[in-house]
Structures are given as structure tokens and as C-alpha cells.
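Working notes, structure below.
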Amino acid sequence: MTTLTVSGRVAQVLSSYVSDVFGVMGNGNVYFLDAAEQQGLRFTAVRHEGAAIAAADAYYRTSGRLAAGTTTYGPGYTNALTALAEAVQAQIPVVLVTGDAPTSGARPQDVDQAAIAAGLGAATFTVTRETAGAIARQAVDYALTKRTAVVLAIPYDLASLEAGDEELPATHAPKVTNEVDGGLGKAARLLAGARRPLILAGRGAHLAGAGPELRELADRLGALTAGTALALNLLNGEGYLGVAGGFGTDTAAGLMGEADVVLVAGASLSPFTMRFGHLLGPDSTVIQIDTAVEPTHPRVDLFVSADAKTAAARLLQLLDGGPADRGWRAEARRRLAEGPVHHPGSAETADGRLDPRALATALDAVLPERRTVVQDGGHFIGWAPMYWNIPRPQDLVMVGTAFQSIGLGLASAVGAARAVEDGRTLVLSSGDGGFLMGLADLESLIGAARSAIVVIYNDAAYGAEIHQYGSQGLTEKPMLIPEVDFSGVARALGAESAIIRSLSDLSALQDWIDAGAKGTFVADCRITSSVRAPWLSEWMQAKQEATAVAG
């Protein structure tokens, strides 16, 4: 029997679950990384510890497969906290393997890492010499069953010691609670009696693989369908209205507001999805199916705690009869055809810079059809889901939305680039502010990606703040960013690039794609800050209404 160190035992257990590890090497994880290589795990080096978890997070969102991030103890660990909080908030299974204080006691460079993780909502599993494997397996199982991020800590003085002998239990598949009870019977009766039913799917439905059952259910009911941004096109087909919330059209939102019974599957009904309370009509009956233990929104009238796929299959069994009347769908087709679509943008702006809407439209025609899009947080966040063809939910990785952060885009692109398959091109959409926060990992992306395109919406500002606070008369000086030549930076790091000042400048990107789209291309797009995104206008209006009510 091969003798393993504590780090080796951890790596051995992880190798049953993951194939990829992302991180930065340091004193606290050097033995683990050596053991991971011996176990055949692929290590992708990133340049900032925050990218370790962000990359592993995006790897899961893209592929549905678990990945691990790794950092050293102390400052390496604290550098990863924003990405760890995002993964917890977004309910993404991910494992952070980190060094920790020795069992003999904390040193000056140590902090109470378990307490910090607990403050973010992440559980910490600290290995011992005798039970390193069992604790590692417990951590992974917890991440998968709870759909969350966990910390797997290796005390510094144990990392290279010989591990104790263990008899590990067999790996078991994660279980999901399926409390399919009488609530589904009532849901079936409500849906059967609906004249204008709507099925709204979220990321939980996508992760559960519930798309086929929900589409069949919609056809059985003659229901209209929609999705959150994280379940984009999951229910695409006859009666599909697109994205619910600020990224959707007003015509589609009007139809959703007329639904009399709404089945919400695997969606939390966030303020953005609900258009800050204006999406659904006041008389609609809302049924929510989710793995949560209680409703996630006060508008929910009937809640069923269940896996979306299992529940949808059971609803199909409970609903008798053939396809329902198609009148509701026919009316929706007519109104969608006649109603306004997203604003196409303008050819000219007051400051001579590109209109981001026109740019997004032009990019959709240029970008490879087989694309996986990573979307950083920021004012520009809606342009990709509004204007680009993104066929599958796993092809839109929106990061930072759960924790309301920016700057995780480049790191997430590294993980997504390792996960994409079938010859797809990775496309990162970022703002200049967030891109500067994660700039170190442009080099990581260039090294990891087979084919990647980076689109930077460069307005030389923190755009969301310009629109929210500059418009109120607050000083814009802290909101402005000196215009950075990202194209020059990209070339220095080994990417091809171009500054895009006009739509005709996209010919450089088109030429790169025509030549095989190999490597990384950075498009530094100089956009105007004068165009406010519809979702932000909705948010600002909601804040004003809330302030008026409070006053």
C-alpha cells in the first residue's frame, strides 16, 4: 500500500470528484499541489488568489462538474473571500483547499479562517492526521448536497506528515430533497383550471435537468414560458417569452403580467426578475417549486419543496387529458410580433463614442455561433443577454450578480475556458472598471484558453455610479477612470487585440475569427456613458418609489 501524506490523502479523495484545480501556490498549499499532480489532477495557475475560487465556480456553472480552488493560509486565504462569498450566495458547489494555522497555535500571519468563512456562510472542514480522507469526503459531499462553497483546511504542520490508515466509505451520489406531497395535487388543479398559465424557470430548474419535463408541461397546458437570466432559453419553444425581468422586452413583461396562474420552478424571484414588484399581476396565483425549505418571495401562494425535475414529472402524471387550448399562445405570438423589441441603438452619440446597444447588435453577428459567454458585473451586464444569441443556460455564466460584485469576470473566464467543450469559443463581457480589478488574470486566461474573445465595454468610468449618482449632481471625479489602452496591455501579454472606435473596426475581430479563432483576442470597445441600461432605470425608479413611500 502506497504511503500518503495528509495532503496526499486529501488529493486522493478529491480526485474521485474533480479533475481541475485552480489557484496560486504558497507555503500553505505547496504539498497539496504536489500531491494533486501525482493524482493526475490538472492544475491551472492563476495570478491572484481571488481567481482560484472564481475560476472553480465558473467551471461548475459551465460544465456542471465540481472543481477546486486552492490558496495558501492567511493573506492568500483572505484574498479569496469575495469570490467565496459570491459562490455561497449563488449556491455554487465549490471546494476551497487552503492552508491553515498549525495545530500548535496561530502565528502572526494567521487569522481565524473558520470564523471568517462562517461570517460568509461557508462551512469549514479541517483535516486531521487520522481522518484526512474522511473529512475531505465529508466536505465534498456537503458542497454537493447543500449546493454551496466549502473550505477544506489543512493545518500547516500536518500537510507533509504521513496520513493515518483509513477505511473510507464508498462515494455516494448527492441527494436532493424531494418532498413531493399533496401540494403538487393542488398545483395540478390550479394549473388545469388556468386560462392564461405561465411557467417561469430559474437556474435551479436548469441544474435539476428539468427542461424537457417543464417544456412538455407547458405544451400540455398551452402555457407561455419564460426564464430568469440564469435559465436563458431553457424553455425555448412555442410560447417562449424570453427573459423575465429587466433584460426582457416590455411586450413580454406585459404578457407575463396577465398570467392568472404562474408556476415558478427553481427560481428565487429576485427583485430583478420580478421587475421590483411589477412583473406579475396582483391577482395572479403563484406556485413555487424549489429545493428551499420555504417560499423565497411573499408573492408565493403555494410552495412545494421539491426537485424541479421530479415535481414536473409528477405534475404531468396528475394532469389528465390532451393538449390545452392554444388561444393564449396565439395571442402572445401576435402581440410579440407587433410589439417593440430591444432598442437597436444609435449610429451617432453626443460624445462620438459607440452606443453599447448598436455595438452589442453588431457583435452578435460577428462572434462565433458556438459561444459560451462569461458576464462580469457592472452597468453593461444586460447587453449580452438582451442582444446576443445564447442558446443554452450553461452558455451564460453571470458572475457577481449574487453578491453584487464586479471584477470576477477575468478569473471566471479562466474556469469557463477550461470547461468549454465541442469547439466553443469563450466570450468574456466586461467593463473597464471590473477588468482593471482582475487584470492580473488576463495572463491566466491567455494561457488557459484555446479560443477566447474578451469584449471590454470601455466608457472610462464606473458606469453604474455615473448613472445612479452623477445624475443626482454628486461629483463624478471618483467615478471616472483614465482611459486605459487595454489593447496595448493585451498585446504585451500575448493576445491579439484591437481598439474598437467604430463598428467598422470590428473587421479586425472578424479577420481573427476567419483565421481560426485560436488564442485570445481582446476588443477594447470605446463606448459612450450617455446610454442608461433599462434594468438600471427600473432599479432607480424602484428606489425612488421606495423612498417616497418611506417618506
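Positions are given from 1, in the same order as the sequence printed here.
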Check residues 401-411 and write down every donor-acceptor pair under 3.5 Å in which the side-chain atom is one partner and the other belongs to a residue at least two apart or another chain.
from : atom 1 : to   : atom 2 : distance (Å)
Q404 : NE2    : T401 : O      : 2.6

When you look at S63 and R418, which way does the side chain to side chain donor-acceptor pair (under 3.5 Å) test go after all the steps? CA-CA 9 Å; S63 68; R418 285 300 198 195; over 6 Å; no
Can you list the steps and then say if Y59 with R65 is a side chain to side chain contact (heavy atoms under 4.5 Å, CB included)? CA-CA 7 Å; Y59 185 96; R65 301 190 302 273; 3.0 Å; yes
How far apart are the C-alpha atoms of L269 and L200, what are their side-chain angles, what is the distance that settles it, and do they pass the side chain to side chain contact (heavy atoms under 4.5 Å, CB included) test? CA-CA 10 Å; L269 298 177; L200 171 58; 3.8 Å; yes
Determine, step by step, whether D141 and Y17 satisfy the side chain to side chain contact (heavy atoms under 4.5 Å, CB included) criterion, reporting the C-alpha distance in whole Å, the side-chain angles of both residues, the deciding distance to 0.1 Å, and the verdict. CA-CA 10 Å; D141 285 346; Y17 298 87; 3.3 Å; yes
Let's go through I527 and F380 carefully: what are the C-alpha distance in whole Å and the side-chain angles of both, what is the deciding distance for side chain to side chain contact (heavy atoms under 4.5 Å, CB included) to 0.1 Å, and is it a yes or a no? CA-CA 10 Å; I527 66 164; F380 62 92; 5.7 Å; no
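Of all the heavy atoms in Y462 and G433, the pair that sits closest is CE2-CA, 3.7 Å.
Between W539 and W535, the two ring planes are parallel [angle under 30°; tilted spans 30° to 60°]. Using cut-offs of 30° and 60° for the angle between ring planes, the F521 and W512 rings count as tilted.
Under the side-chain hydrogen bond (donor to acceptor under 3.5 Å, both in side chains) criterion, the residue pairs touching residues 261-270 are S270-T273, with sequence neighbours excluded. Applying the salt bridge (charged side-chain N to carboxylate O under 4.0 Å, His left out) rule to pairs touching residues 277-291 yields nothing, sequence neighbours excluded. The side-chain hydrogen bond (donor to acceptor under 3.5 Å, both in side chains) analysis of residues 243-265, with sequence neighbours excluded, yields the pairs D250-R275, E258-R335.
Residues R299 and M274 have side chains in contact (heavy-atom distance under 4.5 Å, counting atoms from C-beta outward). Two residues are said to be in side-chain contact when any heavy atoms from C-beta on lie closer than 4.5 Å; Q288 and H297 fail this criterion. Side-chain contact between L241 and L198 is present, with at least one heavy-atom pair separated by less than 4.5 Å. The side-chain heavy atoms of E538 and Q541, taken from C-beta on, include no pair separated by under 4.5 Å.
Side chain of D301 to main chain of V286: a donor-acceptor pair is present (N/O by atom type, distance under 3.5 Å, no hydrogens or angles).
R357 has a carboxylate O that lies under 4.0 Å from a charged side-chain N of D355, or vice versa, which qualifies the two as a salt bridge. R314 and D307 are not joined by a salt bridge, as no carboxylate oxygen comes within less than 4.0 angstrom of a charged side-chain nitrogen. Taking the charged nitrogens against the carboxylate oxygens, R61 and D57 do have a contact shorter than 4.0 Å, which makes a salt bridge.
Among residues two or more places apart in sequence or in another chain, the side-chain contact (heavy atoms from CB on, under 4.5 Å) test is passed with L207 by Y60, R203. Partners of E216 by side chain to side chain donor-acceptor pair (under 3.5 Å), not counting sequence neighbours: none found.
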